[in-house]
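The structure follows.
FYI, the numbering just counts along the sequence from 1. Basis for what follows: all heavy atoms, side chains included, without hydrogens, waters or symmetry-related copies.
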Amino acid sequence: MFPRELEARKEIVYFSHKVHAAGLVCATDGNLSIRLDQNHVLITPSSIRKEDMYVEAPIVINMNGEPVNDDRRPSTEHKVHLEAYQQRPDVMAVIHAHPPKAIAFTIAEAELDTCVLPEVVVTLGSVPVAPYAAPSTDELPASMRELIRHSDALMLARHGSVTVGPTLSDAFKKLEKLEHNAEILIYARILGGARGFTHDQLEELQALRDFYGIKTHSVACSTRRTQSPASSAATAGAGIGGIGGFVPARDDAACACAQPVGADRVTASPELQALVSEITTRVRSR
Ligand SMILES: [Zn+2]
């Protein structure tokens, strides 16, 4: 047994149950894994519902996907996990899930904008979408190869999500944020459109990331986005799938034509809003 294996098995069971309870997988979908050492990964097996996961169930595989001292076979989606570990030496845990609302964005080809909620900008960053590839094929890990190098969370088109981190808890938190962001975006677009931050609001959030030393590989709002009046009007009645609507606002001129939404309307948590004000003041005074 590997040094951390028992602890890793318990963590996988715990978070398997949480992923199922949160509605982020269906039936036997999805997989969770933890890196045991440089050459071995502990991963959930195929054909077991995540709500039924138990400590003995996860399988140790090597970096070729071969089971170690085990006759059972891992899920064919182990390739997605191994791709993440191979591309990112810093990653110690991976969750592949099927979050329904975030997947719906990839099916509708609607932009899954992660630049509208302060918590998401600070803690998650951008979420790219890998082009469609059939499950279980070698094309699937290849589709995310470049993206995972720069993002801690990504979507596989028409399929699911991949979130990574130093722990399973961290990967699960990013998965929750990803799906919650998708749900709020759907509501906002039903109500007429998701408006972006102003340039100054984004600067505040970027400062927060810097202040806390947040190490996600994702660049928060790499293309700063605000929504122009024209695009807002054009998309107001277009339905969720028809909404593109966001225009980049990299300079002040672009920001000036935006219709910003006040921080009091987009900040989900009063505590975070107070924190943003406090930290921004401290950062600016340094
Ligand atoms: Zn899957």
| Backbone N or O of Thr198 within a donor-acceptor pair of the Gln201 side chain at under 3.5 Å? | yes
| request: Using distance alone, with no hydrogens and no angle criterion, decide if Asn31 and Ser75 have a side-chain donor and acceptor under 3.5 Å apart. | output: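 On atom types as modelled, these side chains qualify, holding a pair under 3.5 Å.
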| field | Side-chain donor-acceptor pair present, Ser143, Tyr132, cut-off under 3.5 Å | value |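 The answer is no; no qualifying pair exists.
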| With no hydrogens and no angle check, is any side-chain donor or acceptor of Glu5 less than 3.5 Å from a backbone partner on Phe2? | yes
| Looking at side-chain heavy atoms only, is the closest gap between Met144 and Leu140 below 4.5 Å? |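 Counting from C-beta outward, Met144 and Leu140 never come under 4.5 Å.
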| query | Of all residues at least two apart in sequence or in a different chain, which pass the ring-ring contact (aromatic ring centres under 6.0 Å, His included) check with His96? | reply | His98, His159
| field | Side-chain donor or acceptor of Lys79 paired with backbone N/O of Ser136 under 3.5 Å | value |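 A pair under 3.5 Å: yes.
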| query | Hey, what do you get for OG1 (Thr163) to CD1 (Ile95), rounding to the nearest 0.5 Å? | reply |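 Rounded to the nearest 0.5 Å, the OG1-CD1 separation comes to 4.5 Å.
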| request: Check whether any side-chain heavy atom of Phe197 lies under 4.5 Å from a side-chain heavy atom of Val121, and answer yes or no. | output: yes
| Taking NZ, NE, NH1 and NH2 as the nitrogens, is one of them in Glu146 or Arg149 under 4.0 Å from a carboxylate oxygen of the other? |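 Salt bridge flag = yes for Arg149 with Glu146.
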| request: Answer yes when Asp152 and Arg88 have at least one side-chain N-carboxylate O distance shorter than 4.0 Å, and no when they do not. | output: yes
| said: When you compare the side chain of His150 with that of Pro128, does any pair of heavy atoms fall below 4.5 Å? | reply: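 Side chain of Pro128 against side chain of His150, heavy atoms only: no contact under 4.5 Å found.
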| field | Derivation of the side chain to side chain contact (heavy atoms under 4.5 Å, CB included) call for Glu183 and Glu179 | value | CA-CA 6 Å; Glu183 181 173 6; Glu179 180 69 343; 5.7 Å; no
| request: Can you measure from OG (Ser16) to CZ (Arg49) and round to the nearest 0.5 angstrom? | output: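 Between atom OG of Ser16 and atom CZ of Arg49 there are 12.5 Å.
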| said: Does anything in residues 55-71 form a salt bridge (charged side-chain N to carboxylate O under 4.0 Å, His left out)? List the pairs, not counting sequence neighbours. | reply: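 Passing the test, one end in residues 55-71: Asp70-Arg72.
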| said: Here's a test for you: under side chain to side chain contact (heavy atoms under 4.5 Å, CB included), which of Pro67, Ser33, Pro45 qualifies with Pro74? | reply: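 Result for side chain to side chain contact (heavy atoms under 4.5 Å, CB included) with Pro74: Pro67.
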| task | Could you walk me through whether Ile34 and Glu11 pass the side chain to side chain contact (heavy atoms under 4.5 Å, CB included) test, one step at a time? | result | CA-CA 9 Å; Ile34 291 176; Glu11 283 183 30; 3.6 Å; yes
| Heavy-atom donor-acceptor pair, Asn181 side chain to Val120 backbone, under 3.5 Å | no
| task | Show your reasoning for whether side chain to side chain contact (heavy atoms under 4.5 Å, CB included) applies to Leu178 and Met155. | result | CA-CA 10 Å; Leu178 169 64; Met155 294 300 299; 3.7 Å; yes
| Non-hydrogen side-chain atoms of Val19 and Leu32 separated by less than 4.5 Å |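 Of all side-chain heavy-atom pairs linking Leu32 with Val19, at least one is under 4.5 Å.
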| request: Indicate yes or no: does Glu7 engage Arg4 in a salt bridge with an N to O separation below 4.0 Å. | output: yes
| Do you know which two heavy atoms are closest between Pro131 and Ala157, and how far apart they sit? | C-CB, 4.1 Å
| task | Please tell me if the side chains of Thr123 and Lys174 come closer than 4.5 Å, counting only heavy atoms from C-beta onward. | result |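 Contact flag for Thr123/Lys174 side chains = no.
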| said: Ignoring hydrogens, what is the shortest heavy-atom contact between Val25 and His20? Give both atom names and the distance. | reply: CG2-CA, 3.8 Å
| query | NE2 of His40 to CG of Asp37: how many Å apart, nearest 0.5 Å? | reply |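 One gets 5.5 Å once the value is rounded to the nearest 0.5 Å.
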| task | Please answer whether the main-chain N or O of Val91 pairs with a side-chain N or O of Arg35 as donor and acceptor at a distance below 3.5 Å. | result |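 Checking the backbone N and O of Val91 against the side chain of Arg35, a donor-acceptor pair under 3.5 Å is found.
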| Validation row: Ser169, Tyr14 side chains within 4.5 angstrom (heavy atoms) | no
| query | Going through the checks in order, is the side chain to side chain contact (heavy atoms under 4.5 Å, CB included) test met by Leu168 and Phe172? | reply | CA-CA 6 Å; Leu168 263 189; Phe172 179 69; 6.0 Å; no
| field | Donor-acceptor contact present, side-chain His81 to main-chain Ile43, <3.5 Å | value |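 Checked: no pair found.
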| Are the charged groups of Glu83 and Arg145 less than 4.0 angstrom apart, N to O? | yes
| said: With rounding to the nearest 0.5 angstrom, report the OH to NE2 distance, Tyr85 to His78. | reply: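 If we round to the nearest 0.5 Å, Tyr85:OH and His78:NE2 are 12.5 Å apart.
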